[in-house]
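Reading through the structure tokens given below for one structure.
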Amino acid sequence: MVMGKAYNTAKQSPLLFEDKSDGRPLFMILVILAFLASLTLLATKTSYFAAAHWSAQLSDTATVQIKPGEGGLSQQTAAQARGILLQSETVTDVDILSQEQSKALLRPWLGDTSLPDDLPLPLLLSVRLKKGQSLDQQKITAQFRQAGIRADIDDHGRWAKSLTRSARMAQTISLLSLVLIIITLVAAAIFATRSGIAARRKFMSILHQIGANPNYTARLFSQNFALKSFKAGAIGALGAYLVLSLLAVLARDDGGASLFLPSLKTGLTDLYWVASVPVGMAIIAALTAWRTVMKTLIAEIYP
Amino acid sequence: MNKPSQHTHSIHFDGVGLRYGRGEEILKDINMSLLAGSLNFITGPSGAGKTSLLKLVYLHMRPSRGLITIFGQDTSQLAARAIPKTKRRMGVVLQDFQLVDHLSVFENVALPLRIRGLKRQTYGEDVISLLQWVGLGKRLYAFPPTLSGGEKQRVAIARAVIGKPDILIADEPTGNVDDAIGKRLMRLFFELNRLGTTVLIATHNHDLIPKNADIYKLDNGTFALETDGHG
Ligand SMILES: Nc1ncnc2c1ncn2[C@@H]1O[C@H](COP(=O)(O)OP(=O)(O)OP(=O)(O)O)[C@@H](O)[C@H]1O
Ligand SMILES: [Mg+2]
């Protein structure tokens, strides 16, 4: 019984060994595919949210530009135009931009040169619309004409349309990549599991020979491969998350370009999104292992 | 409930024939009835079909014809889920040992208990004493690839007997050890047999067969009782 004390009888060693050499390349492939899948997943998610963000911003506003007429521009004309606009059912609010605000808008083009006060600047009205509604341009143009107001109405429709078109394209491409990567990832997880089981074929037969229930063996393999896939997925997903976070920090240092990178800054939600990658991989590996082992064992249970 | 003593016969063959693929029958019309708790030996020249006959007993494959009854159950009628259960009541030592290379000697021997869901604390000491008995007390942590042929054989035997099976099947269990160890290992089987286990051993070595055993001779696919140990 001296030996009994020497041998650690409390701890059960795992029945399935961690393969040192045969599974390595496959593990790396799973990690890389998980990395790509996570990146693509976040890119796809971003492309959808960003497009929604842009089009919402663009479609819910319009700009009315009142041109200086013969009698010059008066605040009175602006107020009159505002009144007409507010009568429209789709308009929620109208702001008259002050001369200062208008000048500020011109500054990027004209520089800091002080503009003469009598320079005929157009008056700008910023119009906020009800969600999802647009401005009835024809009606308002007619009303303006009746009131003797010369104005250009821009409801950003053309902008929104072309932006939507390119956003759609980005979405389609990233969604297509995501689908392809997920298919590859699923195939790789299935392949890795099957080859892992094939490498342990003899062990499986021994378990069967000494009377292990097929369920027992299937559970053993299932858990093992689920864990292995989860590990590969977690490393890949975490890697992708860190890379994106780093990119986001670098992009923020640039200052600008925030319009086009509205959600490049990664957050906790993104972590939830990429967590679906290892979880999904674990489920696929578990199911594959279960099916493969059960199929093999049932076939040879008493041939 | 299914204690072997309740059945007169542990193993019963009735007109059993076996052929591999489209080949000739290598077992022809085998009839045998092994009483529960009996001690039986099968001898015969190499290639006679001893291993094949044992495979039929431990449900490794089905016969081409005939009826096999184990523990009173017609094996061709066994439900899939009853097969592992029947197998758990048998201890098997094969010619090629079938050890798990990535598990230690201790873990290999503990395997039949572990798959039954037993906890390590309940069997750890038993496994160690058994391994000490077969002379492997110092090799508990060793892995099968580092063992000699005789040591592997002893691990396989320990694994077969650790669960105190109702039927013990051994194929040339002493083929790789010297006579002294061979006799010691045989005592393990006799001890088990004394406790009620039906023992069926295929061997070439007549010196190891005790006088009270039934000896069957397998030759040319046919089977005959050569020596009735009970007179
Ligand atoms: N899987 C198989 N497929 C085809 N033929 C086989 C197979 N296994 C065994 N045989 C053949 O069946 C015959 C009996 O083989 P078996 O292994 O049962 O003999 P044995 O009596 O155990 O011999 P030994 O004493 O050498 O172990 C042999 O002729 C062998 O070639
Ligand atoms: Mg043989």
Side-chain angles (χ1 to χ4, degrees), chain A residues 1-24 195-225 227-228 290-291 293-303, chain B residues 55 58-62 75-76 78-92 94 96-108 110-129 131-132 136-138 140-141 143 159-160 162-163 165:
Chain A
M1 287 305 104
V2 179
M3 297 304 298
K5 294 287 170 287
Y7 199 90
N8 182 3
T9 52
K11 191 175 155 281
Q12 305 228 74
S13 54
L15 281 183
L16 277 177
F17 68 115
E18 283 310 311
D19 42 356
K20 293 284 177 276
S21 52
D22 61 322
R24 276 269 170 82
S195 77
I197 289 171
R200 291 159 184 78
R201 190 72 179 69
K202 189 189 164 201
F203 179 48
M204 215 165 102
S205 296
I206 293 172
L207 284 176
H208 174 53
Q209 188 227 296
I210 63 175
N213 281 323
N215 279 353
Y216 178 91
T217 311
R219 197 177 326 119
L220 191 68
F221 278 81
S222 220
Q223 284 171 351
N224 188 273
F225 286 100
L227 190 68
K228 204 172 287 175
W290 183 275
R291 261 195 48 159
V293 172
M294 286 306 265
K295 217 170 116 186
T296 315
L297 285 179
I298 296 296
E300 69 175 32
I301 197 154
Y302 187 23
Chain B
K55 278 182 181 168
Y58 69 81
L59 305 181
H60 189 74
M61 57 188 182
R62 291 175 193 266
T75 57
S76 66
L78 278 178
R81 99 191 94 77
I83 288 163
K85 212 171 144 194
T86 309
K87 283 182 169 228
R88 285 200 291 277
R89 296 178 63 191
M90 303 191 216
V92 183
L94 298 180
D96 60 354
F97 316 130
Q98 294 281 323
L99 300 179
V100 182
D101 286 349
H102 67 266
L103 293 180
S104 68
V105 164
F106 178 95
E107 296 292 353
N108 263 282
L111 204 53
L113 305 173
R114 206 162 156 182
I115 61 156
R116 286 166 168 79
L118 295 178
K119 286 276 152 283
R120 175 73 74 97
Q121 292 87 323
T122 64
Y123 62 73
E125 301 284 306
D126 293 345
V127 170
I128 290 164
S129 352
L131 280 167
Q132 281 168 339
L136 290 174
K138 291 194 166 69
L140 298 177
Y141 291 105
F143 288 88
R159 190 179 68 190
I162 188 73

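So that the names make sense, note that chain A is the first sequence line, chain B the second, and so on, each numbered from 1.
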In terms of heavy-atom proximity below 4.5 Å to chain A, should [X] be classed as side chain, backbone, both, or neither?
{"X": "Thr86(B)", "result": "neither"}
{"X": "Leu131(B)", "result": "neither"}
{"X": "Ile83(B)", "result": "side chain"}
{"X": "Leu59(B)", "result": "both"}

Of all the heavy-atom pairs spanning Pro84(B) and Ala212(A), show the shortest one and how long it is. CB-O, 3.8 Å
Considering non-hydrogen atoms only, spot the tightest contact between Ile210(A) and Arg159(B) and give its length. CG2-NE, 4.2 Å
For the [atom1] atom of [X] and the [atom2] atom of [Y], what is their distance to the nearest 0.5 Å?
{"X": "Tyr302(A)", "Y": "His60(B)", "atom1": "OH", "atom2": "NE2", "value": "11.5 Å"}
{"X": "Arg88(B)", "Y": "Asn213(A)", "atom1": "CZ", "atom2": "CG", "value": "4.5 Å"}
{"X": "Asn215(A)", "Y": "Arg81(B)", "atom1": "CG", "atom2": "CZ", "value": "11.0 Å"}

Given the options Leu94(B), Leu99(B), Leu78(B), which has more heavy-atom pairs under 4.5 Å with chain A than any of the others? Leu99(B)
Heaviest contributor of heavy-atom pairs below 4.5 Å to chain A, chosen from Met90(B), Arg116(B), Gln98(B), is Gln98(B)
Non-hydrogen side-chain atoms of Leu15(A) and Leu111(B) separated by less than 4.5 Å: yes
Residue Arg291(A) excluded, over 12 heavy atoms near CZ under 6.0 Å: no
For chain B, which residues from residues 201-209 of chain A lie under 4.5 Å away (heavy-atom distances)? Lys202(A), Phe203(A), Ile206(A), Leu207(A), His208(A), Gln209(A)
Partner set under side-chain contact (heavy atoms from CB on, under 4.5 Å) for Gln223(A), not counting sequence neighbours: Arg219(A)
